[in-house]
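Position 1 is the first residue of the sequence, and the numbers go up from there.
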Amino acid sequence: KNIKIIPNPIDLNKYQTSLKKENVILNVGRLISTKRIDILLDCFSKIENQNWQLWIVGDGPLRKYLEDIAKKLDISNNVKFWGTQNNIAPFYLKSKIFAFTSFSEGFPNALLEAIAAGLPTIAFNCIAGPSDLVKNGENGFLISQGDTETYLQKLKELIENETLRNTFSENAIEIAQSYKLEKIGEEYLNFLLS
């Protein structure tokens, strides 16, 4: 009875500013093998709409390897590796889709930040993490881990269907309310006083 799982909080005020949205699919995280950015690059290379860009924010040991994959797939002109950024909020606010390809997670803060910014999301349903934040068909798509064919299909659907993106966005902002600082702080207080 003295154990409780309390999720990480988020400062929703950071994501209240509205910036002009661009045709950007965003991924944020360390460039390591479990994040499976190689799958995201491969899926992106199969999207025929040249008006979209893939932004990858973060750094790590696989950066050069992933940049080489982008070159081999001939998508370098539409893929931007931003490296580590001190102020990440504008990246979320300018993007239209958040694409997550992790095969292993704890509590994915990047996914929570995307939801707080009202981004429709697509993620693999790995053992822990994404299913806590992504309600399939409500604020994004949860794809069976490793099912790259469905991932690509649903990513294309998000690109092509602005109405769906807007619906997911509204639902994401509503879901994010459960993680605001005040609410999580209250959960800690109630638990400590119980």
Side-chain angles (χ1 to χ4, degrees), residues 10 14-15 19-126 129-130 133-134 139-143 145-160 165 168-169 172:
I10 187 134
K14 282 185 185 177
Y15 307 97
L19 295 176
K20 187 174 176 354
K21 292 278 184 189
E22 299 177 33
N23 287 343
V24 168
I25 298 163
L26 179 68
N27 179 279
V28 175
R30 291 234 329 123
L31 305 186
I32 54 176
S33 60
T34 56
K35 300 294 184 184
R36 295 312 307 264
I37 311 290
D38 54 327
I39 289 175
L40 183 55
L41 290 168
D42 187 58
C43 285
F44 185 72
S45 74
K46 292 170 181 164
I47 291 164
E48 289 161 15
N49 193 326
Q50 292 300 304
N51 297 323
W52 284 74
Q53 291 190 340
L54 173 60
W55 287 0
I56 297 167
V57 179
D59 222 328
L62 293 187
R63 180 166 177 172
K64 170 90 172 61
Y65 168 72
L66 294 168
E67 286 172 338
D68 288 344
I69 288 177
K71 279 178 198 157
K72 281 178 193 160
L73 292 170
D74 198 26
I75 53 173
S76 290
N77 290 340
N78 293 77
V79 178
K80 172 87 175 166
F81 288 86
W82 288 92
T84 304
Q85 297 291 317
N86 290 327
N87 184 13
I88 197 122
F91 290 91
Y92 291 109
L93 294 169
K94 285 181 184 177
S95 303
K96 289 186 179 175
I97 298 168
F98 188 78
F100 208 55
T101 42
S102 286
F103 271 27
S104 174
E105 278 296 331
F107 185 86
N109 286 318
L111 197 51
L112 178 56
E113 289 165 349
I115 288 165
L119 279 176
T121 55
I122 179 167
F124 283 125
N125 191 12
C126 57
L133 297 163
V134 181
N139 67 322
F141 290 122
L142 269 181
I143 313 297
Q145 188 166 311
D147 184 356
T148 54
E149 197 174 306
T150 304
Y151 192 100
L152 175 58
Q153 179 193 329
K154 292 299 185 183
L155 184 58
K156 283 179 178 175
E157 192 177 334
L158 282 175
I159 287 169
E160 292 160 10
R165 288 200 312 270
F168 280 4
S169 178

Quiz item: Rounded to the nearest 0.5 Å, how far does CG of Asp59 lie from CD of Gln85?
Solution: 10.0 Å
Exercise. Measure the shortest side-chain to side-chain distance between Asn109 and Leu111 over non-hydrogen atoms and say whether it is less than 4.5 angstrom.
Key: no
Quiz item: Are Ile122 and Phe98 side-chain neighbours, meaning at least one heavy-atom pair lies under 4.5 Å?
Solution: no
Practice problem: Can you see which heavy atom on Cys43 is nearest to which on Thr148, and at what distance? | Solution: SG-O, 4.1 Å
Quiz prompt | Side-chain donor or acceptor of Thr121 paired with backbone N/O of Gly140 under 3.5 Å | solution = no
Practice problem: For the pair Lys35 (side chain) and Arg30 (backbone), establish whether a donor and an acceptor sit closer than 3.5 Å, ignoring hydrogens and angles. | Solution: no
Self-check item: Interatomic distance, Glu67 atom CD to Arg63 atom CZ [nearest 0.5 angstrom]
Solution: 5.0 Å
Quiz item: Should we count NZ of Lys94 as having more than 12 external heavy atoms under 6.0 Å?
Solution: no
Quiz prompt | Side-chain donor or acceptor of Asn125 paired with backbone N/O of Ile143 under 3.5 Å | solution = no
Quiz prompt | Residue pair Gly129 / Pro108: nearest heavy atoms and the distance that separates them | solution = CA-CD, 3.5 Å
Quiz item: Can a donor-acceptor pair be found between the side chains of Trp55 and Gln53 at a distance below 3.5 Å?
Solution: yes
Exercise. With the side chain counted from C-beta on, respond yes when Leu41 and Ile56 share a heavy-atom pair under 4.5 Å apart, and no when they do not.
Key: yes
Quiz item: In chain order, what residues pass the side chain to side chain donor-acceptor pair (under 3.5 Å) check against Thr150, with sequence neighbours excluded?
Solution: Asp147
Self-check item: Side-chain donor/acceptor of Asn139 to backbone N/O of Leu133, under 3.5 Å
Solution: yes
Self-check item: Flag side-chain contact, heavy atom, 4.5 Å: Gln50 against Ile75
Solution: no
Quiz item: Can you name the residues that form a side chain to side chain donor-acceptor pair (under 3.5 Å) with Arg36, not counting sequence neighbours?
Solution: Asp38
Practice problem: State, with a plain yes or no, whether a side-chain heavy atom of Tyr151 is found less than 4.5 Å away from one of Thr101. | Solution: yes
Quiz item: For Lys21 and Leu119, what are the C-alpha separation, side-chain angles and deciding distance, and is it a side chain to side chain contact (heavy atoms under 4.5 Å, CB included)?
Solution: CA-CA 11 Å; Lys21 292 278 184 189; Leu119 279 176; 3.9 Å; yes
Self-check item: Gap separating the CD1 atom of Ile37 from the CG atom of Asp42, nearest 0.5 angstrom
Solution: 13.0 Å
Quiz item: Measuring from Trp52:CH2 to Leu155:CG, what's the distance to the nearest 0.5 Å?
Solution: 8.5 Å
Quiz item: Any side-chain hydrogen bond (donor to acceptor under 3.5 Å, both in side chains) pairs touching residues 68-80, not counting sequence neighbours?
Solution: Lys64-Asp68
Quiz item: Under the ring pair (Phe, Tyr, Trp, His ring centres under 6.0 Å) test, which residues partner Phe141, sequence neighbours left out?
Solution: Phe168
Quiz prompt | Pairing residues for Phe107 by the ring pair (Phe, Tyr, Trp, His ring centres under 6.0 Å) criterion, not counting sequence neighbours | solution = none
Self-check item: Phe103 atom CZ, over 12 foreign heavy atoms within 6.0 Å
Solution: yes
Practice problem: Please report the shortest heavy-atom distance between Lys14 and Leu93, naming the atom on each side. | Solution: O-CD1, 4.1 Å
Quiz item: Counting N and O atoms only, with roles assigned by atom type, does the side chain of Tyr15 sit under 3.5 Å from a partner on the main chain of Ile115, one being a donor and the other an acceptor?
Solution: no
Quiz item: Got a second to check how far Ser95's OG is from Ile25's CD1, nearest 0.5 Å?
Solution: 9.5 Å
Self-check item: Pro61 versus Ile32, closest heavy-atom pair with distance
Solution: CD-CG2, 3.9 Å
Quiz prompt | Within the 6.0 Å centroid threshold, strictly below: Phe100 and Phe124 | solution = no
Exercise. For the residue pair Thr34 and Ser102, establish whether any side-chain heavy-atom pair is separated by less than 4.5 Å.
Key: no
Quiz item: Quick one: side chain to side chain contact (heavy atoms under 4.5 Å, CB included) partners of Glu160, sequence neighbours excluded?
Solution: Lys156
Quiz item: When you measure from the side chain of Arg165 to the backbone N and O of Ile159, does any donor-acceptor pair fall under 3.5 Å?
Solution: yes
Quiz item: Hey, what do you get for CG (Leu40) to CG (Leu54), rounding to the nearest 0.5 Å?
Solution: 5.0 Å
Quiz item: What are the two closest heavy atoms between Ser33 and Leu62, and how far apart are they?
Solution: N-CD1, 3.4 Å
Quiz prompt | Which atom of Val57 lies closest to which atom of Gly83, heavy atoms considered | solution = CG1-O, 3.6 Å
